[in-house]
Amino acid sequence: MVVMAIAGCGPAYTVAGTIPALIAAVGVAGPAALLYCAIPVIGIALAYRQLGRVDPNAGAAYSWVARSLHPFLGFMCGWSLVVACTVFMASSTVPAGSATLSLVAPDLADDPLWAAVVGSGWFLLMAGVVAYGARIGARSLAVITAVQLVLLTGFAVAALLSDGSGAEFSLSWFGFGHFEGQESFVTGALIATFAFWGWDVTSNLGEETRRGSRGSGFGGVIGVVLVFVLFALITVAVNVLMTPEAVRNSPDGLLVSLGQQVWPGVGGTLLILALLLSTVAMLETALIQAGRTLFAMGRDRTLPRAFGRIHAQRHTPWVATAVIAVVAGTLAIIEAAGRRPGDSLLSDAVSGVGLHVTLYYSLAGLGAVVVHRKLLRTSAANFLLVGLWPLTGALFMLWIMIESLAALSTTALTIGFGTLALGLLPMFTAWLRQRPYFEPGRLDAGRARAVDDSFGGGEVDTHVIHEARSRDELLTDF
């Protein structure tokens, strides 16, 4: 599950797109933005771990928030995740195609339509892998993630040992002194939140994972810590190699330029390969996360019941996966066909998806505190790791979401809240039809055999949860 969490964050993809955006926004304060965002994100990962131990559920935050706070909020968590994954996949399909063409047909790499066609091919391949079963996908992700980590770590170490035109490293880069006011910090934190997003795919697999009540949540926590170390190391390396002004003025091939500067000759090609592998891996994890959430919503009949169907042999949510793939692929083709030179959906998509992520992360963090409120006074570890840290993470995410609204473009706000508002129609339709999902039913950690120290504690009794689902509703054994 640690591999799945790291793959979900897409190390090379983040280094190519998000880290340059972070440096362009806050300069040498980039490492600090990553650090002070990683701390609350780890709090959210702890909240996911605790909620996953009580209820391993394919819907994850969609189910947990509904039963801990309110069904309407839970539905919006699920909807925001599905929309965020769909927008991300649509905006990432073209980069996947461009990276592929850069390796095999460089003359076509800048053609958005060709890039969209090739990227859609990768996307359909990943959809087939996800529909076939999570197990084969996990094996491929293990190889892809290992290659990424080796290449990126080698690049970062080599960069730090080389002579650059940027700034001389200082530990003050991890402090608050380099932010140009609160707005600068908020901008950096929103970008950093997107950089860490994706680790929570482990929780969507908890229902179909052996010992999923323990392994899925723990994998998410460790994954966040490891990608923070990698992202911080590379951000420092880029600041040493280049000035923030040079990063801002660089074309989309910044990663290739850095690779050639550090490893002349083959550096650019190797990092393009890492970018391609990372993008493909993120397409796969986003499909898994969105598909499992959509499956849970169909199973609860808050969306059409067809989404809750699973394949008779493979036991995967093939209908939900197919619908997500078709919608995201169609959006990618439309966006590529209508794009003018220099335009890109990616920057606005990052901001819009960031709003979705901060929303459902914050609600999940609050839900975890509510569910485990009776355990908070049983030990200092529970108070910190089950209560205070997740609560701090939730409040931080809410603050970032609210403070960032004034600085976002109309397109980013449309992606963020316009698409979120579309979810109100199916939500109220399901509510008026009196679906069982909206009936009172609290998620209580007391139902599990929790020991006083919940964080280091024993097994939870999840058989009650699984007995409530018929055998044909269960997904694959991952």
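Taking the six-membered ring for Trp and thresholds of 30 and 60 degrees, F196 and F231 have ring planes inclined between 30 and 60 degrees apart. Between F194 and W197, the ring planes lie tilted relative to each other; the angle falls in the 30° to 60° range.
Of all non-hydrogen atoms in M4 and V201, the two that sit nearest each other are CG-CG1, 3.6 Å. The shortest non-hydrogen separation linking P11 to L230 is CB-CD2, 3.8 Å. Of all non-hydrogen atoms in A290 and V82, the two that sit nearest each other are O-CG2, 4.0 Å. Closest heavy-atom contact between F438 and P71: CD2-CB, 3.6 Å. Between D55 and W64, the shortest heavy-atom contact is O-NE1, 2.8 Å. Contact record, L51 with A364: CD1-O, 3.6 Å, taken as the closest heavy-atom pair.
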- Message: Would T14 and I234 count as a side chain to side chain contact (heavy atoms under 4.5 Å, CB included) here? Give the steps.
- Response: CA-CA 10 Å; T14 301; I234 291 178; over 6 Å; no
- List the steps, then state whether side chain to side chain contact (heavy atoms under 4.5 Å, CB included) holds for L385 with R49. CA-CA 10 Å; L385 300 172; R49 181 180 188 270; over 6 Å; no
- Item | side chain to side chain contact (heavy atoms under 4.5 Å, CB included) between M427 and F72, worked out | CA-CA 7 Å; M427 182 184 73; F72 285 178; 4.0 Å; yes
- Just do the side chain to side chain contact (heavy atoms under 4.5 Å, CB included) check on V130 and T316 with the steps written out, would you? CA-CA 8 Å; V130 172; T316 56; over 6 Å; no
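Residues V83 and L420 are not in side-chain contact: their nearest non-hydrogen atoms beyond the backbone lie 4.5 Å or more apart. For the pair M397 and L359, the minimum side-chain heavy-atom distance is 4.5 Å or more. Contact annotation: the side chain of P317 never approaches that of L294 to less than 4.5 Å [non-hydrogen atoms, C-beta and beyond]. Two residues are said to be in side-chain contact when any heavy atoms from C-beta on lie closer than 4.5 Å; V386 and L46 fail this criterion. Residues I42 and F228 are not in side-chain contact: their nearest non-hydrogen atoms beyond the backbone lie 4.5 Å or more apart. Counting heavy atoms from C-beta outward, V65 and M76 have side chains that stay 4.5 Å or more apart. Residues F307 and M297 are not in side-chain contact: their nearest non-hydrogen atoms beyond the backbone lie 4.5 Å or more apart. Proximity of R373 to V370: side-chain heavy atoms (C-beta onward) are separated by under 4.5 Å at one or more points.
Enclosure of atom CZ in R435 by more than 12 non-hydrogen atoms of other residues, nucleotides or ligands within 6.0 angstrom is indicated. Open room surrounds CZ on F383; 12 or fewer heavy atoms of other groups in view lie less than 6.0 Å from it. The 12-atom threshold is exceeded at CH2 of W399, counting heavy atoms of other residues, nucleotides or ligands nearer than 6.0 Å.
Under the 6.0 Å cut-off for aromatic ring centres, Y361 and F396 do not qualify, their centroids lying 6.0 Å or more apart. Separation of the Y48 and W199 ring centroids falls under the 6.0 Å cut-off.
For S404 (side chain) and M401 (main-chain N/O), a donor-acceptor pair under 3.5 Å exists by modelled atom type. For W389 (side chain) and I39 (main-chain N/O), a donor-acceptor pair under 3.5 Å exists by modelled atom type. Side-chain atoms of S80 come within 3.5 Å of backbone atoms of C77 as a donor-acceptor pair (strictly under, hydrogens ignored). Checking side-chain atoms of D300 against main-chain N and O of T302 turns up no donor-acceptor pair under 3.5 Å. Judged by distance alone, the side chain of W79 and the main-chain N or O of L424 form no donor-acceptor pair under 3.5 Å. Side-chain atoms of Y36 do not come within 3.5 Å of backbone N or O of F185 as any donor-acceptor pair. With T153 contributing its side chain and L149 its backbone, the two residues share a donor-acceptor pair below 3.5 Å.
In this structure, the separation between CG on N382 and NZ on K374 is 14.5 Å, given to the nearest 0.5 Å. Atom-to-atom distance recorded for L275:CG and Q148:CD is 9.0 Å, nearest 0.5 angstrom. A distance of 14.5 Å separates CG of L363 from OH of Y62, quoted to the nearest 0.5 Å. To the nearest 0.5 Å, atoms CG (L366) and CD1 (I44) are separated by 8.0 Å. Between I272 atom CD1 and L151 atom CG the span is 12.0 Å, to the nearest 0.5 Å. Rounding to the nearest 0.5 angstrom, the gap separating the CD atom in Q289 from the CE atom in M282 is 10.0 Å.
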